[in-house]
Amino acid sequence: MHRAVVTLDPAFAVAPVHRRTFGSFVEHLGRCVYTGIHEPDHPSADEDGFRGDVLALTRELGVSTVRYPGGNFVSGYRWEDGVGPVEQRPRRRDLAWHSTEPNTVGLDEFVRWAGKAGAEPMLAVNLGTRGMADALDLLEYANLPPGTALADRRVANGAREPYGVRMWCLGNEMDGPWQIGHKTAAEYGRLAAETARAMRKLDPDLELVVCGSSHSRMPTFAEWEATVLAEAYDDVDFVSLHAYHHPVDGDVGSFLAAAVDMDTMIDAVVATADHVGAKLRSRKKIMLSFDEWNVWYQDRHRAAGLPSDWPVAPRLLEDVYDVTDAVVVGSLLISLLRHSDRVTAAAQAQLVNVIAPIRTEPGGPAWRQTIFHPFALTSRYARGEVLRVEPRAPAYETARYGPVPVLAAVGTWDAETGEAVLFAVNRDQAEPIVLDVDLRAVRVSAVLEAVTLADADRTARNTADRPDRVVPRPNASADLVDGHLRMELPPVSWSMLRLGPRPS
Ligand code: AHR
């Protein structure tokens, strides 16, 4: 049995909780779009062909922004293929995922879907096979008022009001040799800066995201960010970060410490961006958009390979998540929140079927994967300010990161409601943690809710037949006495503790 202590004190606020931390991602990949968000023949489909069950789960998940249409897909995408009368839209080969893209869903449908899901659309432009002119055309179509050719085309396609999309990604993973139109940092930095300047001339209110590294093990990591930002610092608002985690060679201890990797990557990108800013004598700070993160069993994907027969919406990257994966996802959300001073946007990749919290069967049910739960509860209850909690906890040895604390935790404090929330992960595979939460500074008087996601079998999963095999359950150990709360966190668990004024 481990013992750990955290203190919740509003004096130690990091930054506001940003709603955009809880973003997601819809790519034209596998069954994310077709039989994911869109399936006109499905019994729950609405008048636009969107699955009602998926829309309901998306709202329950609490996603704020949704990035679209890729991902690797965007680097070969012609956006205009996806607008206008559906029966006239061309079918194309998608080189990124070796699939056939029917273009039944495009920008107009996506924006309509996002509206129904209550999410803010975040678009990526193709800087792979295309460039600045195409980015300007897409921006004109999406955001300009009627009166010019492409804005009028949007109106003719049924949308009089401009979409007002604020966040735009300048390409995707342009550092990766797998990317169509992959570039050197110098080539990309120049193109990104020029594209950003031109886009701002058309719409000055944009928030622009320049591509950072595809992951922190890229040989060009940090050097890429430094070179790109040296070109584009004044023209962009965010630099992107991407990271996927999975157990390597069965090393679950290191996998459970994945948030250490996320912390290190964030710190490195902040340091790099600030170094460039210092050299430029700039007062501006570049923010971080962690717009692809998740657990992804990439070995399975590599072993399966890509389809050779160019199918429409094949089953690709359909990872089935277990309890351990959900605990890791919970810990990654804790890391994102802890860095809310610089990480002001993020997107879990992806939303449906493809490495996703929501799974569907064509013509059949939709259900919540294990990873759905920590995301949904963190998004729903993290409100107000993020609090630094400085846990005191023992460490365990990991092969990948050396000693890592068994406890990961972050707090939030909503001064308006007087509600404090603690999110906590026990990474130990054998021992529970008895957690002592010092609450004297927040002066809460009641435990509003204490839930834990854990299982005697940490490989337990949710499936179409047993969709609720793994759910968060009340944690009856939570006991509040004289400003101190004691709670037991089982091995390999994610917990949420809500405290506040006693309900009247
Ligand atoms: O999310 C799956 C893929 O991972 C995306 O298309 C790409 O950007 C990343 O490499």
Side-chain angles (χ1 to χ4, degrees), residues 19 22-71 73 77 79 81-89 91 99-123 141-142 153-165 312-315 318 347-354 356-369 372 375-376 379-380 462 464 467-468:
R19 291 318 305 156
F22 305 104
S24 188
F25 179 25
V26 166
E27 176 168 4
H28 284 255
L29 193 184
R31 299 193 307 115
C32 189
V33 172
Y34 305 111
T35 72
I37 65 168
H38 190 259
E39 190 178 338
D41 296 337
H42 191 270
S44 75
D46 67 10
E47 66 286 0
D48 292 316
F50 300 128
R51 282 185 67 141
D53 53 359
V54 172
L55 271 169
L57 286 174
T58 303
R59 286 189 288 262
E60 182 185 326
L61 187 61
V63 300
S64 50
T65 39
V66 180
R67 185 168 172 249
Y68 176 86
F73 172 81
Y77 183 49
W79 66 269
D81 287 350
V83 300
V86 173
E87 60 286 358
Q88 290 170 23
R89 296 184 193 176
R91 288 163 73 86
S99 307
T100 294
E101 172 55 52
N103 282 306
T104 317
V105 170
L107 176 64
D108 297 316
E109 288 81 15
F110 173 70
V111 170
R112 211 171 307 137
W113 176 85
K116 293 181 181 199
E120 173 192 4
M122 168 184 183
L123 297 180
Y141 183 92
R153 202 159 141 201
R154 180 195 68 240
V155 176
N157 290 334
R160 180 159 185 86
E161 290 305 311
Y163 294 145
V165 177
V312 174
R315 288 183 185 263
E318 299 201 358
Q348 188 184 36
Q350 300 193 1
L351 181 69
V352 195
N353 291 326
V354 176
I358 300 171
R359 279 292 303 268
T360 67
E361 274 304 314
W367 66 98
R368 302 166 190 81
Q369 294 233 57
F372 183 99
F375 190 107
S379 174
R380 190 173 319 147
N462 294 339
D468 295 324

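What's counted below: heavy atoms across the whole structure, side chains too, no hydrogens, waters or symmetry copies. We're numbering straight along the sequence, starting at 1. Everything numeric here is computed off the predicted structure, so don't read it as measured data.
- Residue pairs satisfying the salt bridge (Lys or Arg N to Asp or Glu O under 4.0 Å) criterion with at least one member in residues 42-54, sequence neighbours excluded, are listed as follows: Glu39-Arg51, Asp46-Lys116, Glu47-Lys116, Asp48-Arg112, Asp48-Lys116, Arg51-Asp53.
- Side-chain contact between Arg89 and Glu101 is absent, with no heavy-atom pair separated by less than 4.5 Å.
- Residue Arg315 qualifies as enclosed at atom CZ: its count of foreign heavy atoms under 6.0 Å is above 12.
- Contact record, Phe375 with Val63: CE2-CG1, 4.1 Å, taken as the closest heavy-atom pair.
- Note that CG of Asp108 is 5.5 Å distant from CG of Asn157, once rounded to the nearest 0.5 Å.
- Side-chain contact between Thr58 and Trp113: present, with at least one pair of heavy atoms (C-beta onward) separated by less than 4.5 Å.
- Using a 4.5 Å heavy-atom cutoff, the side chains of Glu60 and Arg380 are in contact.
- The two residues Pro357 and Leu61 make their nearest non-hydrogen contact at CG-CD2, 3.7 Å.
- Side-chain contact between Phe110 and Val66: present, with at least one pair of heavy atoms (C-beta onward) separated by less than 4.5 Å.
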With side-chain contact (heavy atoms from CB on, under 4.5 Å) as the criterion, how do Asp468 and Arg368 come out once you've worked through the C-alpha distance, each side chain's angles and the decisive distance to 0.1 Å? CA-CA 8 Å; Asp468 295 324; Arg368 302 166 190 81; 4.2 Å; yes

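- Interatomic distance, OG of Ser24 versus CD of Gln350, reported as 8.0 Å (0.5 Å rounding).
- Using a 4.5 Å heavy-atom cutoff, the side chains of Arg19 and Ser379 are in contact.
- Judged by distance alone, the side chain of Tyr34 and the main-chain N or O of Val105 form a donor-acceptor pair under 3.5 Å.
- Residues Cys32 and Val26 approach most closely at SG-CA, 3.9 Å, considering heavy atoms.
- Phe50 has its ring centre no less than 6.0 Å from the ring centre of His42.
- Checking side-chain atoms of Arg31 against main-chain N and O of Thr360 turns up a donor-acceptor pair under 3.5 Å.
- Closest non-hydrogen pair, Ala159 versus Tyr163, comes out as CB-OH, 3.3 Å.
- Of the candidates Val33, Leu57, Ile37, Val352 forms a side-chain contact (heavy atoms from CB on, under 4.5 Å) with just one, namely Ile37.
- The CZ atom of Arg154 sits 9.0 Å away from the CZ atom of Arg160 when rounded to the nearest 0.5 Å.
- Thr104 has its side chain out of reach of Glu109: every pair of non-hydrogen atoms, C-beta onward, lies at least 4.5 Å apart.
- Side-chain contact between Gln369 and Asn462 is absent, with no heavy-atom pair separated by less than 4.5 Å.
- Checked against side chain to side chain contact (heavy atoms under 4.5 Å, CB included), Ala464 has the following partners two or more places apart in sequence or in another chain: Pro365, Trp367.
- Inter-residue side-chain proximity for Leu123 and Tyr68 is flagged as met; some heavy-atom pair is nearer than 4.5 Å.
- A pairwise comparison of heavy atoms in Tyr141 and Arg153 identifies CE1-C, 3.8 Å as the closest pair.
- When every heavy atom of Ala366 is checked against every heavy atom of Val54, the shortest pair comes out as CB-CG2, 4.2 Å.
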